[in-house]
Amino acid sequence: MKKIVKVSTKTELGAFIDFPHELYADDVNYVPELFIAQRDLLSPGKHPFYEHSEIQLFLAYEDEKIVGRIAAINNTNHNKLYNATDGFFGFFDVVNSQDIVSLLFEAAQNWLAEKGLNRILGPVNFSTNETCGLLIDGFDGPPVAMMPYNAPYYLNRLEQLGFEKNVDLRAYRYTTGNYSDRSVKLIDRIEERLKRNDIVIRTINMKNFNQDKEAIREVYNKAWDKNLGFVPMTDKEFDYTAKDLKLILDPDFCIMAEQNGKIVGFALAIPDINQIQIKIKRGRLFPTGLIKLLTGKKKIDGIRILLLGVVDGYRKMGIEACLYGHIIKSFSAKNMKYAEASWTLDHNDMINKPIEDIGGKLYRKYRILEKAI
């Protein structure tokens, strides 16, 4: 007996969050999300996304056992910006069964169609500002911080439903001693040239965090304005994200390009907190998870280069290379073992080329898919 249930109670929400723990119980690469973080993300009133948009969560059951989950997402800010009628799916996890996949998407698509939407894209949780993409290449290790993970069979199951590629996302990897020292040294010359245009490279000022945060928000919303599917964050959404990131931020990995006091570009890398989270059973901070987080932070030896953006008018000046170069220099100085640069659009040569020039190796790919409803 198979059935789909709309999530409407706290108990069902808890089951929705916990399902991946059961699905990937025997997968050594699976990293559980923190329960409290997922609960807040999926609870209207907790996350500012719900001030402008809406979601509906669904669970799939077979013989009273949960075998799949999906979120149908109506991102109204996206549709207003692009004058579109797009719906999205996210938080998608499922057993290897085409019947269950079909039931989940039938429920999600019906809900989106009732909202007047005629195309479904994903996976995104809730937009490209959050975790997004289906892992399609590079299943040989755990995901890094804030990157998705799924079993290899997902792509085939979605293609059988008629989903097609919308865009591919890239992840690059640097390892200790395996990046171009020559390219990093050239950055010093580029930086000297930038100084002649009054552009300086500096780290974030933690004593003046709020002011720098506001400058970064402005750059973030401008620098990504032409990236496929990007929706600017609202002030509250940016503050929500910044508050979480500040807890793990290392200022040596938050680099800014500034001209006469105006921020024109920035790059951010974060510690690969997944090194700790992979050890926290079912994502629970109590009784021992919090201790693992607090005691394990100093032992993290990898980073994810999460963001890099330069506003229009300052691109192709070498700022991108300098921002990356400073992060790689700090990476080396701190004796880190690896850095992942993710994600970048498959066709974004302006970003991909500097990454490759410094020695980044393409090692994983993710895909956002689409289908007419």
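Quick caveat, the model's predicted, so the values are computed rather than measured.
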Testing Ile355, Thr344, Asp137 one by one against Arg170 for a side-chain contact (heavy atoms from CB on, under 4.5 Å), which residue passes?
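Testing each of Ile355, Thr344, Asp137 against Arg170, the sole residue satisfying side-chain contact (heavy atoms from CB on, under 4.5 Å) is Thr344.
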
Following the transitive rule for hydrophobic clusters with a side-chain heavy-atom cut-off under 4.5 Å over Ile, Leu, Val, Met, Phe, Trp and Tyr, establish whether [X] and [Y] coincide in one cluster.
{"X": "Ile327", "Y": "Val200", "result": "no"}
{"X": "Ile36", "Y": "Val31", "result": "no"}
{"X": "Ile248", "Y": "Ile278", "result": "no"}
{"X": "Tyr153", "Y": "Leu134", "result": "yes"}
{"X": "Tyr240", "Y": "Phe49", "result": "no"}

Do side-chain atoms of [X] reach the backbone of [Y] as a donor and acceptor pair under 3.5 angstrom?
{"X": "Lys292", "Y": "Lys279", "answer": "yes"}
{"X": "Arg367", "Y": "Lys165", "answer": "no"}
{"X": "Asp27", "Y": "Asn29", "answer": "yes"}
{"X": "Asn352", "Y": "Leu345", "answer": "yes"}
{"X": "Thr175", "Y": "Tyr338", "answer": "no"}
{"X": "Asp212", "Y": "Asn205", "answer": "yes"}
{"X": "Arg304", "Y": "Ser342", "answer": "yes"}
{"X": "Gln98", "Y": "Arg157", "answer": "yes"}
{"X": "Tyr50", "Y": "Leu41", "answer": "yes"}

If you look at every heavy atom in [X] and [Y], which pair is closest and at what distance?
{"X": "Cys132", "Y": "Trp343", "result": "SG-NE1, 3.6 Å"}
{"X": "Ile73", "Y": "Gly90", "result": "CD1-N, 3.9 Å"}
{"X": "Lys365", "Y": "Asp346", "result": "NZ-OD1, 3.3 Å"}
{"X": "Ala72", "Y": "Ala108", "result": "CB-O, 3.9 Å"}
{"X": "Ile351", "Y": "Glu320", "result": "CD1-CG, 4.1 Å"}
{"X": "Leu117", "Y": "Gly87", "result": "CD1-CA, 3.7 Å"}

Would you find more than 12 non-hydrogen atoms of other residues, nucleotides or ligands less than 6.0 Å from [X] atom [atom1]?
{"X": "Gln211", "atom1": "CD", "answer": "no"}
{"X": "Glu159", "atom1": "CD", "answer": "yes"}
{"X": "Glu218", "atom1": "CD", "answer": "no"}

Any side-chain heavy atom of [X] sitting closer than 4.5 Å to one from [Y]?
{"X": "Lys371", "Y": "Leu369", "answer": "no"}
{"X": "Arg364", "Y": "Asp140", "answer": "yes"}
{"X": "Ile17", "Y": "Phe91", "answer": "no"}
{"X": "Leu23", "Y": "Val95", "answer": "yes"}
{"X": "Ile255", "Y": "Cys322", "answer": "no"}
{"X": "Asp301", "Y": "Asn335", "answer": "no"}
{"X": "Glu51", "Y": "Asn77", "answer": "no"}
{"X": "Ile55", "Y": "Phe88", "answer": "no"}

If we count only N and O atoms by modelled type, under 3.5 Å, do the side chains of Asn74 and Glu54 hold a donor and an acceptor together?
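Distance-only check passes for Asn74 and Glu54.
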
Donor-acceptor side-chain pairing of Glu237 and His52 below 3.5 angstrom:
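Short answer, yes.
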
Spacing of [X] atom [atom1] and [Y] atom [atom2] [to the nearest 0.5 Å]:
{"X": "Glu33", "Y": "Gln38", "atom1": "CD", "atom2": "CD", "value": "4.5 Å"}
{"X": "Asn156", "Y": "Ile136", "atom1": "CG", "atom2": "CD1", "value": "13.0 Å"}
{"X": "Asp252", "Y": "Lys334", "atom1": "CG", "atom2": "NZ", "value": "4.0 Å"}
{"X": "Arg39", "Y": "Lys46", "atom1": "CZ", "atom2": "NZ", "value": "6.0 Å"}
{"X": "Asp86", "Y": "Ile373", "atom1": "CG", "atom2": "CD1", "value": "8.5 Å"}
{"X": "Ile270", "Y": "Asp272", "atom1": "CD1", "atom2": "CG", "value": "8.0 Å"}

Hey, which of Tyr366, Tyr24, Tyr30 is the one that makes ring pair (Phe, Tyr, Trp, His ring centres under 6.0 Å) with Tyr149?
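Answer after filtering Tyr366, Tyr24, Tyr30: Tyr24.
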
Apply the ring pair (Phe, Tyr, Trp, His ring centres under 6.0 Å) test between Phe89 and each candidate in Phe105, Tyr154, Phe126; give the one that qualifies.
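By the ring pair (Phe, Tyr, Trp, His ring centres under 6.0 Å) criterion, Phe89 pairs with just one of Phe105, Tyr154, Phe126: Phe105.
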
Could you give me the CA-CA distance, side-chain angles and deciding distance for Leu249 and Leu268, then say whether side-chain contact (heavy atoms from CB on, under 4.5 Å) is met?
CA-CA 9 Å; Leu249 184 65; Leu268 170 67; 3.4 Å; yes

Indicate yes or no: does [X] engage [Y] in a salt bridge with an N to O separation below 4.0 Å.
{"X": "Lys329", "Y": "Asp188", "answer": "yes"}
{"X": "Arg282", "Y": "Asp18", "answer": "yes"}
{"X": "Glu214", "Y": "Arg217", "answer": "yes"}

Any chance you could lay out the side-chain contact (heavy atoms from CB on, under 4.5 Å) test for Gln56 and Lys6, step after step, and finish with the verdict?
CA-CA 7 Å; Gln56 177 60 58; Lys6 279 186 176 182; 3.7 Å; yes

Using the side-chain contact (heavy atoms from CB on, under 4.5 Å) rule, take Ile204 and Ile216 through it: C-alpha gap first, then chi angles, then the decisive distance, then the call.
CA-CA 10 Å; Ile204 193 171; Ile216 289 174; 4.1 Å; yes

Please table the atom pairs, donor to acceptor, closer than 3.5 Å between any side-chain atom in residues 191-198 and protein atoms at least two apart or in another chain.
| from | atom 1 | to | atom 2 | distance (Å) |
| --- | --- | --- | --- | --- |
| Glu191 | OE1 | His326 | NE2 | 2.8 |
| Arg193 | NH2 | Met317 | O | 3.1 |

If you apply the rule side-chain contact (heavy atoms from CB on, under 4.5 Å), what do you find for Ser102 with Leu161, and how did you get there?
CA-CA 7 Å; Ser102 297; Leu161 279 187; 3.4 Å; yes

Should the pair Arg173 and Tyr363 be classed as cation-pi, given the thresholds of under 6.0 Å to the six-membered ring centre and 45° from the axis?
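Here Arg173 passes the 6.0 Å and 45° test against Tyr363.
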
Between Asn118 and Thr85, does a side chain to side chain donor-acceptor pair (under 3.5 Å) hold up when you go through it step by step?
CA-CA 6 Å; Asn118 58 25; Thr85 50; 2.8 Å; yes

Does the pair Phe331 and Tyr324 meet the rule for a ring pair (Phe, Tyr, Trp, His ring centres under 6.0 Å), with working shown?
CA-CA 10 Å; Phe331 165 84; Tyr324 259 113; over 10 Å; no

